[in-house]
Amino acid sequence: VQLQASGGGLVQAGGSLRLSCTASEIDISKYVMGWYRQAPEKQREFVALTSTGGRPTYADSVKGRFTISRDNAKNMVYLQMNSLRPEDTAVYYCSATAVRAYWGQGTLVTVSS
C-alpha cells in the first residue's frame, strides 16, 4: 500500500496550498482518509479526516481555514489550506484507516511570517 502526498512548499502567511494524496493498492472508498501533521520537535497531530461517506471532521485549529475532500474515482484525497499561518508549518501526512491504518510519506509545508 502506498500513500503519496504532494503539494507542500513554501508560502507566505495568509496564502494557500492544496495538498494531494494518491493511494495505490487500496480502494479508498472503504477507508477513512485523514491528514495529520508534525511540526519540528512536536508530536504528530490530527488535522482533518473524511469518512467513507464523505463527512469531514477538523481539528479546532484548522476549522474554517482547511477543507478536506476525496475523489474515490481517482483514489485521491485533498487538503485545501487557506489563510495559512506560521504555526501551520509542519510535515503533513496522509493516512488511510479501516481495520488497520496506513501512512504515507509526508510533504513539507512551510509558512513564512
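Just so it is clear, the model here is predicted, and its values are computed rather than measured.
Ring-centre distance between Tyr93 and Tyr36: not below the 6.0 Å cut-off. For Trp35 and Phe66, the ring centers are positioned 6.0 Å apart or more.
In this structure, Asp27 pairs ionically with Lys30, as a charged nitrogen and a carboxylate oxygen lie closer than 4.0 Å.
Nearest heavy-atom pair, Pro40 versus Thr89, reported as atom, atom and distance to 0.1 Å: CD-O, 4.5 Å. For the residue pair Ile26 and Ala96, the shortest heavy atom distance occurs at CD1-CB, 3.7 Å. Nearest heavy atoms, Leu17 versus Leu84: N-CD1, 3.8 Å. In plain terms, the two heavy atoms of Arg85 and Ser61 that are nearest each other are NH1-O, 4.0 Å. The shortest non-hydrogen separation linking Ser51 to Arg70 is O-NH1, 2.6 Å. Of all heavy-atom pairs spanning Ser83 and Ser16, the tightest one is N-OG, 4.4 Å.
The backbone N or O of Asn75 sits nowhere less than 3.5 Å from a side-chain atom of Asn72 that would complete a donor-acceptor pair. A distance-only check finds no donor-acceptor pair linking the side chain of Asn82 to the backbone of Gly15 [under 3.5 Å]. A distance-only check finds no donor-acceptor pair linking the side chain of Tyr92 to the backbone of Ala5 [under 3.5 Å].
Side-chain contact between Cys21 and Gln4 is absent, with no heavy-atom pair separated by less than 4.5 Å. Counting only heavy atoms from C-beta outward, the side chains of Val109 and Leu10 never approach each other to under 4.5 Å. Taking the side chain as every heavy atom from C-beta outward, Met81 and Asp88 never approach each other to under 4.5 Å. Contact annotation: the side chain of Val47 approaches that of Leu79 to within less than 4.5 Å [non-hydrogen atoms, C-beta and beyond]. Considering only heavy atoms from C-beta on, Arg37 comes within 4.5 Å of Glu45 through its side chain. Two residues are said to be in side-chain contact when any heavy atoms from C-beta on lie closer than 4.5 Å; Leu19 and Thr107 meet this criterion.
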Walk me through whether Thr52 and Tyr31 qualify under side chain to side chain contact (heavy atoms under 4.5 Å, CB included). CA-CA 6 Å; Thr52 54; Tyr31 287 77; 5.6 Å; no
Run the side chain to side chain contact (heavy atoms under 4.5 Å, CB included) check on Ser20 and Met76 step by step: do they pass? CA-CA 7 Å; Ser20 299; Met76 294 184 69; 3.9 Å; yes
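Note: Lys74 NZ to Thr22 OG1 = 10.0 Å, rounded to the nearest 0.5 Å. In this structure, Lys63 NZ and Thr57 OG1 are separated by 8.5 Å, a value rounded to the nearest 0.5 Å.
Judged by the 6.0 Å and 45° rule, Arg18 forms a cation-pi pair with Tyr78.
Note on Val32 and Tyr102: separate hydrophobic clusters, where clusters join Ile, Leu, Val, Met, Phe, Trp and Tyr whose side-chain heavy atoms are under 4.5 Å apart, directly or indirectly. Residues Val77 and Tyr58 are members of one and the same hydrophobic cluster, defined by side-chain heavy-atom contacts under 4.5 angstrom among Ile, Leu, Val, Met, Phe, Trp and Tyr. Under a hydrophobic clustering in which Ile, Leu, Val, Met, Phe, Trp and Tyr are joined whenever their side-chain heavy atoms come within less than 4.5 Å, directly or via other members, Leu49 and Val91 fall into the same cluster.
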